[in-house]
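Here the structure is laid out as structure tokens; the discussion comes afterwards.
None of these values were measured; they are calculated from a predicted model.
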Amino acid sequence: MKKLSLIILLLIMVAAAIPAFAAEPPVFNAMYWLKGTTIPGINDPGHSASTLIQHRKVVFYRTLPGSYILAPIEFDSSGTGNPQKSGKFIFNIYDNGKLVIDPQYDYYAAVPRVPESQGGDNYGAAEVKVNITGNGFETVQLKIEYGKGPVLPLPGAIQLFISRDVNKKDIKLSWDNDAYPDKPVIWALSDGNGSGSYVNTTATNKWSVFTTKLTTNSEGFFLHAAQVGDGLPEIYYKATEKGLDDLTKTKGANTVAQILESAWAVGKMNISLQKGTSLVSLPFNYPNSIIGEALGPASPVWQNGDLAFLKTSAGPNYKGAIYNNGQWVSQTTGLSADINFDPRYGNLIYVGANKVFTAIGGVNASEQLNQPIAVTIWGGGGTHVGALFPRMIGLSQTSVITDGGADGDGLYMKTSAAAPDYAYAVLYNNSGNLEWRSGVDPVNSPPPAVIGTLKPPYGYLYTRSGSQFIWQRWQ
């Protein structure tokens with residue numbers, strides 16, 4: 001009965017639910033409640049909490065960066081309460097139709113922290129999973145602790161949504177037009193060569209105002225012309241409110257430089273696919289992680305017979321889809337395939353001819369959110385690992401050794417779809433110290449240069465004979 005009632009509720013709401021990074025959110029309202037309490041967690045003796053609980057917020061989300069809902073907390077005066085940490089809340093987690101409430105997905109609640117550099121006390125609550133039961137409401141308890149919880153964008157930052165205008169091969173940038181009726185200032189980082197060159201800091205002077213290089217469509221949103229399957233190898237976009245067009249300007253206590261660094265980016269990256277099978281990363285966050293979002297629906301890039309095998313977990317299984325007459329369909333049933341996948345893992349794509357595919361989505365902001373990307377390395381076999389960030393990282397800089405890597409673990413990189421060759425590195429016990437070495441000659445040689453840096457759009461095969469472990473990637 002609970003499942004039936006939830007399905008009925010979802011049928012009512014589904015027409016209004018449009019995810020972040022895909023399209024602008026609608027204004028339809030529905031009802032599904034989240035209630036709970038905040039309690040003091042472990043104290044940090046070197047840092048005192050100063051913000052009253054009434055000035056903190058609860059955030060509900062499926063993935064960050066992405067759409068989220070903020071709600072106030074009230075002081076819980078029952079018993080002996082802590083004015084900075086003890087509170088209660090109840091709010092509708094389907095406000096404005098920003099999130100699809102679907103039991104197949106995981107959802108989270110947290111209390112955002114405001115860092116001391118932004119005038120806060122850096123106290124918040126780490127995320128807690130919210131189980132969607134279909135009861136019409138869910139209950140959670142959050143612990144207020146120093147250094148815990150996500151950091152949300154500062155006032156003045158505007159969340160962008162990115163999508164493909166397939167017919168015109170343009171990139172569309174949109175936003176919540178009801179909340180921000182004035183066109184925002186668009187900033188861009190566009191000097192990348194397609195290998196993952198994202199940086200968040202404005203100190204490098206790489207972020208610049210880009211608004212004048214865009215056109216406007218009939219909806220009033222911005223278009224970046226001829227960028228689907230073509231154009232710049234990679235580009236990232238952020239937005240600030242109208243008038244915040246100089247890094248030295250201020251809004252409240254913050255400069256535009258600080259606001260821009262806090263903003264979440266969306267981006268696009270052109271991925272060259274050679275005829276044959278490629279092991280690739282889909283390097284962006286996708287709100288629902290389905291094939292239509294990641295690869296695009298009726299795209300002129302794809303041809304009948306192209307295949308995609310998408311990872312759903314760390315295990316050996318894939319879900320296969322085939323492109324047929326303008327849509328991706330299940331390889332086994334032939335039916336329309338909105339296949340869910342996990343972008344933390346690598347994917348196999350087969351194409352019948354060379355082509356350039358444009359990946360789009362949200363830039364992962366794990367450093368801003370103060371949380372790593374947890375990747376399960378499957379034991380007793382191979383795990384296809386994706387380079388989730390659009391940013392390069394040295395193999396020796398990863399935390400795989402301290403997280404559980406072992407002597408004999410291997411990492412393979414398929415360097416070309418046209419050839420079966422792999423570059424191969426191995427963890428080697430050098431007098432008690434684990435080091436990455438050449439898989440061909442681990443005693444005498446370093447790892448191949450091509451695999452010395454992990455970067456999109458390549459995917460990687462991690463092999464391991466021991467038990468599984470969690471790779472906490474800060475890539």
| Taking the six-membered ring for Trp, are W471 and Y462 parallel (under 30°), tilted (30 to 60°) or perpendicular (over 60°)? | tilted
| query | Aromatic rings W175 and F222: how do their planes relate, parallel, tilted or perpendicular, breaks at 30° and 60°? | reply |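 Geometry flag for F222 against W175: tilted rings.
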Could you tell me the separation between the [atom1] atom of [X] and the [atom2] atom of [Y], rounded to the nearest 0.5 Å?
X    : Y    : atom1 : atom2 : value
M31  : F137 : CE    : CZ    : 15.5 Å
T463 : L411 : OG1   : CG    : 8.0 Å
K242 : D182 : NZ    : CG    : 4.5 Å
L173 : L223 : CG    : CG    : 8.0 Å
L454 : M413 : CG    : CE    : 9.0 Å

Grab the two heavy atoms, one from [X] and one from [Y], that are nearest each other, plus how far apart they are.
X    : Y    : value
F221 : K172 : CD1-CE, 3.9 Å
V356 : S272 : CG2-OG, 4.0 Å
P155 : I259 : O-CD1, 3.5 Å
Q472 : S399 : O-OG, 2.9 Å

| message | Among W264, F60, Y61, which residue satisfies the ring-ring contact (aromatic ring centres under 6.0 Å, His included) criterion with Y68? | response |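 For Y68, the ring-ring contact (aromatic ring centres under 6.0 Å, His included) check succeeds only for W264.
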I'd like to check [X] versus [Y] (side-chain heavy atoms, cut-off strictly below 4.5 Å). Are they in contact?
X    : Y    : result
D403 : I470 : no
Y108 : V128 : no
K268 : H224 : no
V385 : I377 : yes
T215 : D170 : no
E138 : Y107 : no
F284 : P456 : no
L64  : E127 : no

| So among T211, D245, T240, which one has a side-chain hydrogen bond (donor to acceptor under 3.5 Å, both in side chains) with W187? | T240
| task | Take atom OH of Y458 as the centre, draw a 6.0 Å sphere, and report whether it contains more than 12 heavy atoms from other residues, nucleotides or ligands. | result | no
| request: Would you confirm whether Y345, through its side chain, and G459, through its main-chain N or O, come within 3.5 Å as a donor-acceptor pair? | output: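 Looks like no, no N/O pair under 3.5 Å.
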| message | Quiz question: by atom type and distance under 3.5 Å, do the side chains of E234 and Y198 form a donor-acceptor pair? | response |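 E234 vs Y198: no donor-acceptor pair found between side chains.
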| request: Run the ring-centre check on F357 versus W302 and record whether the distance is less than 6.0 Å. | output: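 Yes: the rings meet the under 6.0 Å criterion.
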